[in-house]
Amino acid sequence: MNSRLSNATIAKLPGAIVIPRYDRNAVTPGIVHLGVGAFHRAHQAAYVDACLADGGRDWGIVGVSLRSPDTRDALAPQDGLYTLAVRDSAGEQLEVVGSILSLLVAPEDPDAVLAALTDPRIRIVTLTITEKAYLRAADGALDEAHPDIVHDLANPGSPRTAHGFLAEALARRRAADTPPFTVLCCDNLPANGATLHRLLVEFAKLRDSRLAREGDADLGHHIAEEVAFPSSMVDRIVPATTDADRARVAGELGLEDAWPVMTEPFRQWVIEDRFPAGRPAWEKFGVTMVEDVGPFEDMKLRLLNGAHSGIAYLGLLSGHATVDRAFADPAIRQFVDALWAEAIPTLPENAGLDTTAYTGELAERFSNTALAHRTAQIANDGSQKLPQRIIASALECLEAGTELVHLTLVVAAWIAACAARGKALPEGHFTDPLDAALTTLLGQQLPANETVVEVFELAGFAKDHAERQTLIELVAVHLVHLRREGPVLAFAALGIDSR
């Protein structure tokens, strides 16, 4: 098979394949997306594709990678086209998405990225750069000592970080009297819009103090007062694409696709409706536009993402390579149900949340055998993910005096899984921003309580919180059980039979 998916070959696709229902040559860019990975292509780009088909032709996407050229190298020869494979246990539907008009790689050509960001046609910048790319210190403030932040403050015209690109672009737009774009964070951060707003204002104020360029003074105030940062909540499970996926999709297309994306039928996007420069008509295609996204975000972080982390670490320690296999384990399923029961009381009561229906949907999604969502993929970056997925609700349980045993097992399972990598988990490789320090610490084989104390210090978990010591003690009890007999003893201590 030599032909490749592209504008020139799309007409050759079988009739069962859904293709863009619009003239891509008539589409102009309106969105720059930072972090053009698989999740963006399965989620935001698919929603925008539907808007383009509905006639909103000025909302095409310029995709930007802040690190690797892999996505650009795969999709540029395909004119930005790619296949979205929507899979469940009943089968698979393939659709070709055409909303990405061009792709840029920031390390190769920062000038091109800044040119895109300062284009007056661009009215929204969206981000899926993962939690660790926001470069927060343990206290949640901007990590001013991070080498890339130091670089961007010294070299504003050739930035490396999202902060640097956004600040420089907003400064240039301001100097050119071009209205600012709206910044829409789509990552799993608490109050993600407000969090990014605060971090970017911090960055801009540091920049203000170090730059004296004419017209560039007081950028921090401009961003604080004039730039919109609506929060959003995103949800769709997107497993990593395998070579087997590529081969299967190519067989269905009759064409090669270098990087198709696998996903589930379910998708959700909740957005605070604050877009001074305009936005696509997302609400026509299932997006929920709200005044306050906070309750929806908390429900997703604590029930979906929190359960996912528990399934990942306990699944790995139990020998399960994928979510569906782990969730089919009666002990893990019972644990997840109990985790939900523990976390649900921490959610707001009067926000219209239907937690019963939501957890029912989650159970169905976790059971999807077609996705083969690897537990090791979910396990990445635990030190960055656990604070909002697990630690926050655990601390609320302690403050309220309610039962707390299941949430703390997830933290202990993360520590145990990190220690077991390459040993008891030869197939369970995952990474963390704190890997070097974690490897050294866990290699010392300290007693469980000391290990947890040191891990909390390293990761900044529950820093300065009154209940921190209690939380450490609860996690340490679980870690003792995991070290002795793995999940079997840890589950048994919770009254769960895993034998």
Side-chain angles (χ1 to χ4, degrees), residues 4-33 36-64 71 74-88 91-103 116 119 121-126 128 181-182 184 186 232 234-236 238 249 252-255 257 259-271 273 275 277-289:
R4 191 162 174 177
L5 179 64
S6 69
N7 286 338
T9 62
I10 193 170
K12 299 179 181 179
L13 293 177
I17 310 299
V18 178
I19 63 174
R21 303 186 310 278
Y22 52 89
D23 178 5
R24 295 187 78 218
N25 293 322
V27 176
T28 55
I31 299 171
V32 169
H33 182 80
V36 62
F39 182 81
H40 167 70
R41 294 193 286 133
H43 193 271
Q44 298 96 31
Y47 279 110
V48 171
D49 192 68
C51 293
L52 296 177
D54 190 54
R57 304 296 166 80
D58 54 348
W59 291 110
I61 299 170
V62 177
V64 176
T71 303
L75 299 190
Q78 300 178 183
D79 302 312
L81 294 170
Y82 61 92
T83 310
L84 185 63
V86 182
R87 310 179 67 191
D88 62 15
E92 180 175 68
Q93 172 66 55
L94 303 184
E95 57 188 77
V96 175
V97 177
S99 55
I100 297 178
L101 305 182
S102 60
L103 295 120
D119 183 338
R121 297 175 297 176
I122 298 300
R123 285 161 285 163
I124 299 174
V125 176
T126 52
T128 51
F181 43 66
T182 297
L184 180 60
C186 302
S232 76
V234 299
D235 189 4
R236 200 171 204 184
V238 185
V249 169
E252 293 293 325
L253 298 180
L255 297 170
D257 182 346
W259 206 333
V261 178
M262 308 298 113
T263 193
E264 62 174 336
F266 180 92
R267 64 178 184 175
Q268 186 179 25
W269 199 2
V270 184
I271 309 174
D273 201 357
F275 292 83
R279 62 168 176 81
W282 283 313
E283 68 275 12
K284 289 185 178 182
F285 305 100
V287 177
T288 304
M289 307 302 299

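Side-chain atoms are counted along with the backbone in the values below, which use heavy atoms only and exclude waters and symmetry mates. Values in this document were obtained by computation on a predicted structure and should not be read as measured data.
For the pair Leu81 and Pro20, the tightest heavy-atom approach, listed with the atom from each and the gap, is CD2-CG, 4.4 Å. The two atoms that bring Ile124 and Gly278 nearest to each other are CD1-O, 3.7 Å, heavy atoms only. Contact detail for Glu252 and Pro14: the closest heavy-atom pair is O-CG, 3.4 Å. When all heavy atoms are compared, the tightest approach of Thr182 to Ala277 is OG1-N, 4.4 Å. Closest of all the heavy-atom pairs between Pro29 and Leu101 is N-CD1, 3.8 Å. The two residues Ala42 and Val238 have their closest heavy-atom pair at CB-CG2, 3.6 Å.
Here Ile271 contributes atom CD1 and Arg279 contributes atom CZ; the two are 7.5 Å apart, rounded to the nearest 0.5 Å. We find the CG-NE2 distance between Leu103 and His33 to be 11.0 Å, quoted to the nearest 0.5 Å. Here the straight-line distance linking atom CZ of Arg24 with atom CG of Leu52 works out to 9.5 Å at 0.5 Å rounding. Here Gln78 contributes atom CD and Leu5 contributes atom CG; the two are 5.0 Å apart, rounded to the nearest 0.5 Å. Considering CG of Asp235 and CD of Gln268, their distance stands at 5.5 Å, rounded to 0.5 Å.
Residue pairs meeting the salt bridge (Lys or Arg N to Asp or Glu O under 4.0 Å) criterion with at least one member in residues 45-56, sequence neighbours excluded, are Asp54-Lys284.
Relative ring orientation between His43 and Phe39 is described as parallel, the plane-to-plane angle staying below 30° on a 0-90° scale split at 30° and 60°. Note on ring orientation: taking the six-membered ring where Trp is involved, the planes of Trp269 and Tyr47 are tilted (angle from 30° to 60°).
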- Message: Let's go through Ile17 and Ile10 carefully: what are the C-alpha distance in whole Å and the side-chain angles of both, what is the deciding distance for side-chain contact (heavy atoms from CB on, under 4.5 Å) to 0.1 Å, and is it a yes or a no?
- Response: CA-CA 10 Å; Ile17 310 299; Ile10 193 170; over 6 Å; no
- side-chain contact (heavy atoms from CB on, under 4.5 Å) between Gln44 and Ile31, worked out: CA-CA 11 Å; Gln44 298 96 31; Ile31 299 171; over 6 Å; no
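Residues Trp59 and Cys51 fail the side-chain proximity criterion, which asks for heavy atoms closer than 4.5 Å. Between Leu255 and Ser6 the shortest side-chain heavy-atom distance does not fall below 4.5 Å. Side chains of Val32 and Asp119 form no contact here, defined as non-hydrogen atoms less than 4.5 Å apart.
Between the side chain of Arg236 and the main chain of Phe266, a donor-acceptor pair closer than 3.5 Å is present. Remark: side-chain polar atoms of Ser99 are paired, donor with acceptor, to backbone N or O of Ala45 under 3.5 angstrom. Formation of a donor-acceptor pair under 3.5 Å by the Arg121 side chain with backbone atoms of Thr28 is not found in this model.
Every residue two or more places apart in sequence or in another chain that forms a side chain to side chain donor-acceptor pair (under 3.5 Å) with Thr83 is listed here: Asp257.
When each of Thr128, Ile100, Ile61 is checked for a side chain to side chain contact (heavy atoms under 4.5 Å, CB included) with Arg41, only Ile100 meets the rule.
A salt bridge does not link Asp23 to Arg57: none of the charged nitrogens lies less than 4.0 Å from a carboxylate oxygen.
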